[in-house]
Amino acid sequence: VQLQASGGGLVQAGGSLRLSCVVSESFFAWNDMAWYRQTPGKQRELIAGIAAIGTTNYVDSVKVRFTISRDKAKNTVYLQMSSLKPEDTAVYYCNNHGGNLPWGQGTLVTVSS
């Protein structure tokens, strides 16, 4: 299985971005999936998850500001990010809830103050 994240870029604080993650195999795309992020020197952190039945969960730092969703027909998981803060600057990755699939390259999000 391959995970291809995209949609990152440079945005000013308060702005929005939508990240996409295309999953090469629908079996995985339709099950529990999650978005992670990592900054230099820190461990990769799970920030948003979506279960097979569609329920979602978020870490407190992104709750209300980020929304995870999925389009099963496109084998794609999305992360809509709004009210971005400089501390959201990181490389963002998608994977399943356990982080057990091969990691893709991720997509860099840079939020300027």
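- Checked for salt-bridge contact, D60 and K63 meet the test: a charged N lies under 4.0 Å from a carboxylate O.
- Atom CG in L84 sits 7.0 Å away from atom OG in S82 (nearest 0.5 Å).
- Residues in residues 4-96 take part in these disulfide bond (SG atoms under 2.5 Å apart) pairs, two or more places apart or across chains: C21-C94.
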Item to complete: Please step through side-chain contact (heavy atoms from CB on, under 4.5 Å) for the pair D71 and Y78, ending with a clear verdict.
Response: CA-CA 8 Å; D71 185 332; Y78 301 100; 3.8 Å; yes
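- A donor-acceptor pair under 3.5 Å links the side-chain atoms of D32 to the main chain of A52, judged by distance alone.
- Cluster annotation: V11 is connected to W35 through the hydrophobic network of ILVMFWY side chains, with a link wherever side-chain heavy atoms come within less than 4.5 Å.
- Between V22 and K74, the closest side-chain pair of non-hydrogen atoms is not below 4.5 Å.
- Heavy atoms from other residues, nucleotides or ligands lying under 6.0 Å from CD of Q4 number 12 at most.
- Smallest separation of non-hydrogen atoms from A90 and T39: CB-CG2, 3.6 Å.
- By the neighbour-count criterion of 12 heavy atoms within 6.0 Å, atom CD of E87 is densely surrounded, having more than that number from other residues, nucleotides or ligands.
- Of the inter-residue distances, the one linking H97 atom NE2 with I50 atom CD1 reads 9.5 Å to the nearest 0.5 angstrom.
- The number of heavy-atom neighbours closer than 6.0 Å to NZ of K72, taken from other residues, nucleotides and ligands shown, is above 12.
- In this structure, CG in L46 is found 6.5 Å from CG in N57, a value given to the nearest 0.5 Å.
- Follow the hydrophobic side-chain contacts under 4.5 Å out from Y36 and you never reach L79; the two are in separate clusters.
- For the pair S113 and A13, the tightest heavy-atom approach, listed with the atom from each and the gap, is CA-CB, 4.3 Å.
- Taking hydrophobic clusters as Ile, Leu, Val, Met, Phe, Trp and Tyr residues chained together by side-chain heavy-atom distances below 4.5 Å, L17 does not share a cluster with L10.
- Residue pairs meeting the side chain to side chain donor-acceptor pair (under 3.5 Å) criterion with at least one partner in residues 11-25, sequence neighbours excluded, do not occur; the list is empty.
- R37 forms no cation-pi arrangement with Y93, by the criterion of a distance under 6.0 Å to the ring centre and an angle within 45° of the ring axis.
- If you chain together hydrophobic residues whose side chains sit under 4.5 Å apart, Y58 and I47 fall into the same group.
- Once rounded to the nearest 0.5 Å, the distance linking CG of L3 with CG of N75 reads 11.0 Å.
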Return all side-chain donor-acceptor pairs below 3.5 angstrom for residues 99-110, not counting sequence neighbours, or 'none' if the list is empty.
residue	atom	partner	partner atom	Å
T107	OG1	G8	N	2.9

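- Distance check, rounded to the nearest 0.5 Å: CZ of F66 to OH of Y92 gives 4.5 Å.
- A heavy-atom distance below 4.5 Å is found between the side chains of D88 and R65.
- Minimum heavy-atom separation, M33 to I68: O-CD1, 4.1 Å.
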